[in-house]
Amino acid sequence: MAHVVPTPAVPTVPVEGGGEFPVRRIFCVGRNYADHAREMGGDPSREAPVFFTKPADAVTTAEVVPYPSLTHDLHHEIELVVAIGQGGRDIAVAGAQAHVFGYAVGLDLTRRDLQAAAKAKGMPWDMAKGFDDSAPIGPITRADPAVPLKAGEIWLQINGQTRQAGDLADMTWSIPEVIAELSRYVALKPGDLIFTGTPAGVNRIEPGDELHGHVAGLADLKLRIAG
Ligand code: MN
């Protein structure tokens with residue numbers, strides 16, 4: 001049956017060594033590092049992880065990313081991104097590693113002013129988190145199934161200055177735990193991306209800023225905010 005409007009393109013992310021990873025859905029974990037939970041006024045105790053989503057086409061691999069509309073307080077959140085290669089539901093923590101295709105460095109761009117207003121009213125965050133080009137991502141590095149990613153530095157520099165710095169070992173919920181918990185809510189499928197939360201130091205981005213994100217062992221993320 002013919003589509004009645006032009007068929008949307010499937011967003012893709014390049015893979016180190018060749019190939020393209022097709023993006024099906026983007027899931028994000030809120031407050032997965034205690035120091036960031038504290039800076040956001042939260043309780044860093046180990047409550048169940050909070051999940052939210054972005055549209056698949058929020059992903060961008062562009063070298064220049066637009067400054068979004070309707071905000072005066074765009075924030076950076078540097079995050080490890082897990083790319084799912086094998087789907088499943090009710091995945092066990094012990095078997096979760098087998099579902100990982102690879103990892104990338106990502107940014108969960110956030111209209112913090114809109115998010116604060118939504119939180120104050122008990123309203124949804126969607127327009128604070130799920131706007132166009134809100135999920136910049138670097139190339140995906142294939143996972144080594146024998147070497148789970150448990151630790152390693154994660155940082156973000158803006159215009160050469162370190163803004164966020166942490167270690168994957170400080171995630172409240174490990175990668176296998178995040179996969180297992182998320183798969184209780186939804187069936188995961190190949191092509192899913194999971195942004196796993198950000199360490200402390202989130203702050204404003206200005207038009208023209210140069211961003212450089214790094215996670216140990218992965219391809220870096222580099223981009224400029226237009227303006
Ligand atoms: Mn985030």
Side-chain angles (χ1 to χ4, degrees), residues 13 23 25-44 46-60 65 67-68 71 73-84 103-119 123-138 140 149 152-158 162-175 177-179 181-182 185-186 192-205 209 211-215 218 221 223 225:
V13 180
V23 179
R25 291 181 177 175
I26 302 174
F27 300 98
C28 306
V29 184
R31 299 184 177 180
N32 201 22
Y33 293 75
D35 55 356
H36 173 61
R38 281 189 211 97
E39 78 177 346
M40 295 302 290
D43 175 0
R46 206 165 181 279
E47 296 173 355
V50 174
F51 296 105
F52 61 94
T53 63
K54 295 177 186 255
D57 68 354
V59 81
T60 178
V65 172
Y67 192 97
T71 183
D73 197 20
L74 179 66
H75 269 210
H76 53 77
E77 298 190 359
I78 190 73
E79 310 204 357
L80 169 71
V81 182
V82 176
I84 297 294
Y103 308 102
V105 180
L107 275 168
D108 167 14
L109 293 180
T110 303
R111 288 162 161 157
R112 194 70 74 198
D113 41 4
L114 270 60
Q115 187 193 32
K119 281 183 177 179
M123 299 292 278
W125 296 4
D126 300 52
M127 292 300 109
K129 288 288 196 178
F131 51 91
D132 298 339
D133 303 303
S134 60
I137 190 170
I140 292 173
L149 194 53
E153 61 179 357
I154 176 171
W155 51 250
L156 175 71
Q157 294 180 349
I158 298 186
T162 299
R163 288 281 196 95
Q164 292 185 263
D167 197 291
L168 302 180
D170 295 329
M171 288 197 294
T172 306
W173 296 87
S174 69
I175 294 164
E177 288 170 337
V178 166
I179 293 169
E181 184 70 8
L182 180 57
Y185 288 93
V186 291
D192 289 344
L193 296 176
I194 307 173
F195 283 63
T196 59
T198 195
V202 299
N203 211 326
R204 296 171 70 95
I205 301 170
D209 279 350
L211 279 61
H212 178 187
H214 175 84
V215 172
L218 307 184
L221 169 63
L223 61 87
I225 302 296

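For the single chain, residues carry numbers from 1 onward in sequence order. Since the model is a prediction, treat every value here as computed from it, not as a measurement. Scope of the values below: all heavy atoms of this structure, side chains included, with no hydrogens, waters or symmetry mates. Indexing begins at 1, ligand by ligand and atom by atom, following the structure's order.
Between the E39 side chain and the G201 main chain, a donor and an acceptor come within less than 3.5 Å of each other. K54 contributes a side-chain N or O that, together with a main-chain N or O of K129, makes up a donor-acceptor pair within less than 3.5 Å.
For the side chain to side chain contact (heavy atoms under 4.5 Å, CB included) with P199, the lone residue among D170, L156, I78 that qualifies is I78. The side chain to side chain contact (heavy atoms under 4.5 Å, CB included) test with E77 is passed by exactly one of V202, L107, L109: V202.
There is no side-chain donor-acceptor pair under 3.5 Å between N32 and T196. Remark: the H75 side chain and the R204 side chain contain no N/O donor-acceptor pair separated by less than 3.5 Å.
Sorted by chain and number, the protein atoms of type N, O or S within less than 2.8 Å of the Mn ion (ligand 1) are E77 OE1, E79 OE2, D108 OD2.
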